[in-house]
*Asks:* 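Have a look at this one before I ask anything.
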Amino acid sequence: MPSVGSNVLRKDGLPKVAGTAKYVDDLTFPGMLYGRTIRSTIPRGKAEQITSQFDLTQFVIATHADIAGENIVHLITDDQPCLVEHEIRHVAEPIMLIAHEDPELLWSANVHVVEIPEEPVLDPLLSTVIQAELIIGGGDVVAGLASADLIVEGEYRTGHQEQLYIETNGVVAVPENGGITLHGSIQCPFYVHRALVRILRLDPDKVRVIQAETGGGFGGKEEYPSILAAHAALLALKAKRPVKMVYDRVEDMLATTKRHPFIVRHRTGVMRDGRMVAADIEIIADGGAYVTLTPVVLSRGAIHAAGPYNIPSVRIHGRAMMTNTPPNGAFRGFGAPQTQFAMEVHVDRIANALGMDAVELRRINALRPGAATATGQRLGPDCSAVDVLDEAVRRSDYYAKRASYTADSVNGGIRRGIGLSLYYHGSGFTGAGELKLASEAAIELTPNGVRVHVASAEIGQGTRTIHAQIVADALGISYDQVETALPDTSLVPDSGPTVASRTCMVVGGILQRCAGELKDRLDGASLGDYYRQHGAVIIKKQYERPKGLIWDEDTYRGDAYGTFAWACDVAEIEFDPDTYEVRPVRLTAVSEIGKAIHPVLVQGQIEGGTAQGVGYALIETVVMRDGAMANSQLTNYTIPTTLDTPAIDTFILERPYEHGPFGAKGVGELPIDGPAPALVNALRQIGLDICELPATPEVLMSHAPAHAHAPAP
């Protein structure tokens, strides 16, 4: 029986259900110490003297002076120090590290840094430091706007969002073999490996990074663990003993990266028949104090900013600005949720301005096979914008409900509304990113079957399971004959980071090719017979870009992604005009993802991303005060519970991508792009013109017109 397309048991399921899976805080080593970070308390200034009421000679202490290599965190730009030398650029910036075998004594030590404050820049609109900038252009925007019957303008704002994975950041650093072994709750083992090599000035073979079981990531464990890993390693090498560092929830929320706040400004030229003929889009992103992954976030956000629409003339100007706030970084969706929120809310406002049905406006302009995106990418036969739109409208009974909610919108004082969003998400790294990564994957013949060797991290999404399914079917063996090795940089090839909706499509595709070669070598022989004759044969292959894909990094023109996944959400809400509370009651999520390798896991990704999008839309407010997160605890940073999450009706469409394993595309990021605009568009139906997130009761009240209690036209 084929494994692909069936709901096989998860490879990581039993130990997690049984409680035997080992997370970072379950790991202990002889002589282990506990580490702590001493952080800045001001957003900008200078670090001077360090004082303590404790005898610090009892502790292991590390500062920037203990860094043998370069005092930088390796990523895109070498601007972020591992530990502050003098200059402070954000609250909670690490200055000093201390360790002790007694965690109570460690945390009771009163260590104080004398700080000299300077005036911070906290607003990206006031910043003069550009971290990244790009322009995407096609056609003559000036002429297009001049020819339009109507120009619709709008400004849209989105705030920070906290990843809030179940397990906080944590690592254990163990000195061994003249180097360091790092066990961590991480998404990208080789990111950490490269960072440690530079900071510690060790040969690459003296640094080993092993992913422990990881309780969620959502991007928050992509780049940030490199900092924590370096801190633990510095203490461990100085102490010559293992050091564990696990953040509590407050420290994790205060110090780590968030979703980038965006300001997006639209000027769209439209004709009376609904055709969008020109779009001028400006994006301003708040990068925080250091660059981290900001250029990549801005890039993906900009590429998706015009939405899944065929607009002949487009200009997208994006820039990311430095502020004296904790750096922002990777988060599920990577810039696309921000810009597609703006576009989808803007489309509804265009429909209102034209007096046109919002669904019909989308259908007129939706990308179709053969049409070109904003970067000039010609879409293949798996382009499914119209398919997901029509299915979501049909499945949700959109028109009947909209008519009912408008005609009978007051029910015991509670107003009802319905709205939708149409969106897409590129699978894999942008442009030439996959070529630069040159990812590798391998399978190894074992006495009982095969073993998968990849650096892709299992963080709850089902990586080990889907990779085993792909290999099993490509080889024609049973799923139970495939085992998966844990990511360990000393044992597995670098298959790239577990990000960008690439783990199934890109890494799975490499594994499918590995399995195909092994099957050819078997030439009909059984795995057992071949193993007895040849031993543990290893087949390793590297990513190969599909023929015909062309990308120009300088002009930002060409094939930004191998393909796109497509989706449409329909959100139904109840609104209390007295309290301004919004209760989402149902969300229909239709997603086209090529091929569902494991339908239940796909459904879980869609439901989880949708729930996260509901929080982004209505609930999750990061309160920034004097450059710091003022609500860095779960008592006042709220996320959706089961009581806040609507009934989610998921429906999977399959339009196979010719270069994906068994036709699969990416799915992990797609579901978070659509819920927020669908919910805000439902609010628009009842007369609330909202252009910012999160749409909390306070925001709704401040935007409510005098006639907010009356039914919308």
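Computed from a predicted structure; not experimentally measured.
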*Asks:* Salt bridge check, Lys22 against Glu213: does any charged N sit closer than 4.0 Å to a carboxylate O?
*Replies:* no
*Asks:* Is a side-chain donor-acceptor pair under 3.5 Å present for Tyr561 with Thr430?
*Replies:* yes
*Asks:* Restricting to non-hydrogen atoms, name the atom on Ile180 and the atom on Pro175 that form the minimum distance, rounded to 0.1 Å.
*Replies:* CD1-N, 3.8 Å
*Asks:* Using a 4.5 Å cut-off on heavy atoms from C-beta on, say whether the side chain of Ile283 contacts that of Arg319.
*Replies:* no
*Asks:* Measure from NZ or CZ of Arg259 to the centre of the six-membered ring of Phe341 and say whether it is under 6.0 Å with the direction within 45° of the ring axis.
*Replies:* no
*Asks:* State, yes or no, whether a side-chain contact exists between Leu27 and Pro242 at a heavy-atom distance under 4.5 Å.
*Replies:* no
*Asks:* So that I can tick it off, tell me whether Asp494 and Arg194 are bridged by a salt bridge, with the cut-off set at under 4.0 angstrom between side-chain N and carboxylate O.
*Replies:* yes
*Asks:* May I ask you to test the Glu458-Pro487 pair for a side-chain heavy-atom distance under 4.5 Å?
*Replies:* no
*Asks:* Between Lys258 and Glu162, does any side-chain N to carboxylate O distance fall below 4.0 Å?
*Replies:* yes
*Asks:* What is the minimum heavy-atom distance between Tyr224 and Gly220, and which atoms define it?
*Replies:* CB-O, 3.8 Å
*Asks:* Working to the nearest 0.5 Å, report the span between CG of Leu693 and NE2 of His160.
*Replies:* 14.0 Å
*Asks:* Taking all non-hydrogen atoms of both residues into account, name the closest pair between Thr37 and Pro94 and its distance.
*Replies:* CG2-CB, 3.6 Å
*Asks:* Do Met505 and Glu434 make a side-chain contact, defined as non-hydrogen atoms from C-beta onward lying under 4.5 Å apart?
*Replies:* no
*Asks:* Which residue, Thr158, Thr294, Asn328, Thr292, forms the side-chain hydrogen bond (donor to acceptor under 3.5 Å, both in side chains) with His260?
*Replies:* Thr294
*Asks:* Which label fits Trp551 and Tyr556: parallel for a plane angle under 30°, tilted from 30 to 60°, or perpendicular past 60°?
*Replies:* perpendicular
*Asks:* Nearest 0.5 angstrom please: Glu222 CD to Phe331 CZ, how far?
*Replies:* 13.0 Å
*Asks:* Under a 3.5 Å cutoff, is there a donor and acceptor pairing between the side chains of Thr463 and Gln461?
*Replies:* yes
*Asks:* I need the His74 NE2 to Ile227 CD1 distance, nearest 0.5 Å.
*Replies:* 13.5 Å
*Asks:* As an exercise, state the distance from OG1 of Thr489 to CD of Gln211, rounded to the nearest 0.5 Å.
*Replies:* 11.5 Å
*Asks:* With Ile316, which of Val264, Ile303, Ile136 fulfils side chain to side chain contact (heavy atoms under 4.5 Å, CB included)?
*Replies:* Ile136
*Asks:* Please name the pair of heavy atoms, one in Gly329 and one in Glu223, separated by the smallest distance, quoted to 0.1 Å.
*Replies:* CA-OE2, 3.1 Å
*Asks:* Less than 4.5 Å apart, any side-chain heavy atom of Leu293 and any of Phe334?
*Replies:* yes
*Asks:* Report yes if some heavy atom in the side chain of Arg451 is under 4.5 Å from a heavy atom in the side chain of Thr484; otherwise report no.
*Replies:* no
*Asks:* Work out which heavy atom in Gly333 is nearest to a heavy atom in Arg300; give both atom names and the distance.
*Replies:* O-CD, 3.7 Å
*Asks:* Can a cation-pi geometry be assigned to Lys436 and Phe429, taking NZ or CZ under 6.0 Å from the six-membered ring centre and within 45° of the ring axis?
*Replies:* no
*Asks:* Which distance, rounded to the nearest 0.5 Å, do you find between the CG of Leu670 and the NZ of Lys665?
*Replies:* 9.5 Å
*Asks:* Taking atom types as modelled, is there a side-chain donor on Thr256 or Asn169 under 3.5 Å from an acceptor on the other?
*Replies:* no
*Asks:* Would you call Phe218 and Ile672 a side-chain contact if the rule is heavy atoms closer than 4.5 Å?
*Replies:* no
*Asks:* Is there a side-chain hydrogen bond (donor to acceptor under 3.5 Å, both in side chains) between His64 and Asn71 once you walk through the steps?
*Replies:* CA-CA 7 Å; His64 68 89; Asn71 186 17; 5.1 Å; no
*Asks:* Is Glu592 close to Phe564 at the side-chain level, that is, under 4.5 Å between some pair of heavy atoms?
*Replies:* no
*Asks:* Decide whether a cation-pi geometry holds between Lys11 and Tyr479; the criteria are a distance under 6.0 Å from NZ or CZ to the six-membered ring centre and an angle within 45° of the ring axis.
*Replies:* yes
*Asks:* So His659 and Tyr657, would you call those rings parallel, tilted or perpendicular, with 30° and 60° as cut-offs?
*Replies:* perpendicular
*Asks:* Would you call the rings of Tyr290 and His90 parallel, tilted or perpendicular if under 30° counts as parallel and over 60° as perpendicular?
*Replies:* perpendicular
*Asks:* Report the relative orientation of the aromatic rings in His193 and Phe190; use parallel for angles under 30°, tilted for 30 to 60°, perpendicular for over 60°.
*Replies:* tilted
*Asks:* About how many Å separate CG of Asp25 and CD of Glu167, when rounded to the nearest 0.5 Å?
*Replies:* 8.0 Å
